[in-house]
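Below is one structure, written out as structure tokens; comments come after it.
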Amino acid sequence: MSGSQLWDDVDFYFTSHLSPDDESLQATLRESEANELPHANVTANQGKLLQLLAQIQDARHILEIGTLGGYSTIWLARALPADGRLISLEYSARHAEVAVRNIARAGLEKIVEVRVGPALESLPKLADENPAPFDLVFIDADKANNPHYVEWALRLTRTGSLIIVDNVVRGGRVVDAESAEPDVVGTRAAIELIAAHPRLTGTAIQTVGSKGYDGFALARVLD
């Protein structure tokens, strides 16, 4: 059995027992596929991890940077209380339209708001609203801007908040200090920012599974 097939089988075993997709999540994936959205959504077991982290945080306010079809959005929003709030920022209007339909189908439209436009334009506008601090920030957008997203996450969170940065391994390319590829440069800059910032403590984990070889960084905001 090849390594990738084994990864798929293990993912299927864990997912089928611990984080099975329900009809709303399955419909979200079908709708995303039908609208030819990129195959970049988190896996079901990763979605369940996000949900558990939000629940451990007792999160009431969540910020997501990168909505795509709303799959991870649904996992996260299900961790919120009825009066919670999730704001998701999506660059593509077409992707946002798909996500809004998926979120409504899941019955979460009252607590989820999708804002359209470049995140680095949406974030200053959000900050100007002086929102309640976000308890968890999930960053899963264009990787070149990861360090900027982490900096904005710091401005919009509180002591004890979690910041999660997805797709940090880049198939192992993250170790290439000479790379000029924007995704690698941005990811390395985000990791080094987390390492050096006095208000952050964090780690990064490599993962394998049905989406291949990748990983995520997890940081906690300090005083």
Side-chain angles (χ1 to χ4, degrees), residues 42 45-67 72-90 111-115 117-170 174-175 177 183-207 214-223:
V42 301
N45 48 1
Q46 292 168 340
K48 183 64 174 292
L49 174 62
L50 292 173
Q51 185 182 91
L52 288 170
L53 288 171
Q55 290 169 333
I56 291 167
Q57 280 291 96
D58 195 22
R60 302 183 65 84
H61 303 94
I62 295 174
L63 174 63
E64 179 181 52
I65 303 176
T67 317
S72 57
T73 317
I74 292 170
W75 279 108
L76 285 164
R78 285 177 171 176
L80 289 171
D83 61 347
R85 185 188 191 198
L86 189 155
I87 296 177
S88 189
L89 308 180
E90 173 53 44
I111 62 174
V112 176
E113 178 187 359
V114 179
R115 300 189 180 187
L120 292 181
E121 295 179 8
S122 299
L123 287 163
K125 295 175 183 176
L126 176 59
D128 286 344
E129 297 171 15
N130 194 29
F134 292 98
D135 307 300
L136 184 149
V137 179
F138 179 48
I139 300 171
D140 189 13
D142 58 306
K143 311 310 173 187
N145 282 313
N146 273 345
H148 303 302
Y149 297 148
V150 171
E151 289 170 346
W152 273 108
L154 266 171
R155 291 184 58 178
L156 293 165
T157 50
R158 57 169 176 79
T159 300
S161 292
L162 291 182
I163 301 171
I164 305 162
V165 185
D166 203 12
N167 307 126
V168 298
V169 173
R170 316 308 298 160
V174 70
V175 300
D183 64 330
V184 174
V185 173
T187 298
R188 287 177 61 89
I191 294 296
E192 290 161 18
L193 173 60
I194 292 170
H197 202 287
R199 293 191 61 228
L200 289 174
T201 181
T203 190
I205 301 295
Q206 300 180 78
T207 61
D214 212 328
F216 63 91
L218 176 66
R220 184 171 187 267
V221 180
L222 304 174
D223 290 335

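In this chain, numbering begins with 1 at the start of the sequence shown. Keep in mind it's a predicted model, so treat the numbers as computed, not measured.
Formation of a donor-acceptor pair under 3.5 Å by the Asp214 side chain with backbone atoms of Val169 is found in this model. Judged by distance alone, with hydrogens and angles left aside, the side-chain atoms of Ser161 form a donor-acceptor pair with the main-chain N or O of Phe134 at under 3.5 Å. Of the possible donor and acceptor atoms, none in the side chain of Asp140 sits under 3.5 Å from a partner among the backbone N and O of Gly66. Side-chain N or O atoms of Glu64 include none that pairs as donor or acceptor with a backbone N or O of Val114 at under 3.5 Å.
Counting only residues at least two apart or in different chains, salt bridge (Lys or Arg N to Asp or Glu O under 4.0 Å) contacts with residues 192-204 comprise Arg188-Glu192.
Separating the CG atom in Leu50 from the CD1 atom in Ile74 is a distance of 13.0 Å, to the nearest 0.5 Å. Here Leu80 contributes atom CG and Gln55 contributes atom CD; the two are 9.5 Å apart, rounded to the nearest 0.5 Å. Taken from CG in Leu120 to CD in Glu151, the straight-line distance is 10.0 Å, to the nearest 0.5 Å. Of the inter-residue distances, the one linking Leu136 atom CG with Ile164 atom CD1 reads 4.0 Å to the nearest 0.5 angstrom. Here the CG atom belonging to Leu162 is positioned 9.0 Å from the CG atom belonging to Asp135, to the nearest 0.5 angstrom. Expressed to the nearest 0.5 Å, how far CG of Asp183 lies from CG of Asn145 amounts to 12.0 Å.
The heavy-atom pair separating Val150 from Ala190 by the smallest distance is CG2-CB, 4.3 Å. Annotation for Pro198 and Leu222: closest pair O-CD1, 3.9 Å, computed over non-hydrogen atoms. What you find for Ala77 and Val112 is that their closest heavy atoms are CB-CG2, 3.6 Å. Nearest heavy atoms, Thr207 versus Gly215: OG1-N, 3.4 Å. Residues Leu193 and Pro147 approach most closely at CD2-O, 3.6 Å, considering heavy atoms. Nearest approach of Ile62 to Ala54, heavy atoms of both residues: CD1-CB, 4.0 Å.
For the pair Thr67/Arg115, no side-chain contact is recorded, criterion being any heavy-atom separation below 4.5 Å from C-beta on. Contact of the Leu218 side chain with the Ile205 side chain is not registered, since no non-hydrogen atoms from C-beta on lie closer than 4.5 Å. Side-chain contact between Leu49 and Phe216 is present, with heavy atoms from C-beta onward closer than 4.5 Å. Side chains of Phe138 and Ser88 form no contact here, defined as non-hydrogen atoms less than 4.5 Å apart.
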Candidate pair Val174 and Val168, rule side-chain contact (heavy atoms from CB on, under 4.5 Å), full reasoning: CA-CA 7 Å; Val174 70; Val168 298; 5.7 Å; no
Tell me, with the steps shown, if Leu123 and His148 meet side-chain contact (heavy atoms from CB on, under 4.5 Å). CA-CA 10 Å; Leu123 287 163; His148 303 302; over 6 Å; no
Using side-chain contact (heavy atoms from CB on, under 4.5 Å), reason through His61 and Ile87 one step at a time and then give a plain yes or no. CA-CA 8 Å; His61 303 94; Ile87 296 177; over 6 Å; no
Give the C-alpha distance, both sets of side-chain angles, the deciding distance and a yes or no for side-chain contact (heavy atoms from CB on, under 4.5 Å) between Leu86 and Thr73. CA-CA 8 Å; Leu86 189 155; Thr73 317; 3.7 Å; yes
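Within 6.0 Å of atom CZ in Arg158, more than 12 heavy atoms from other residues, nucleotides or ligands are found, so the atom counts as buried in its surroundings.
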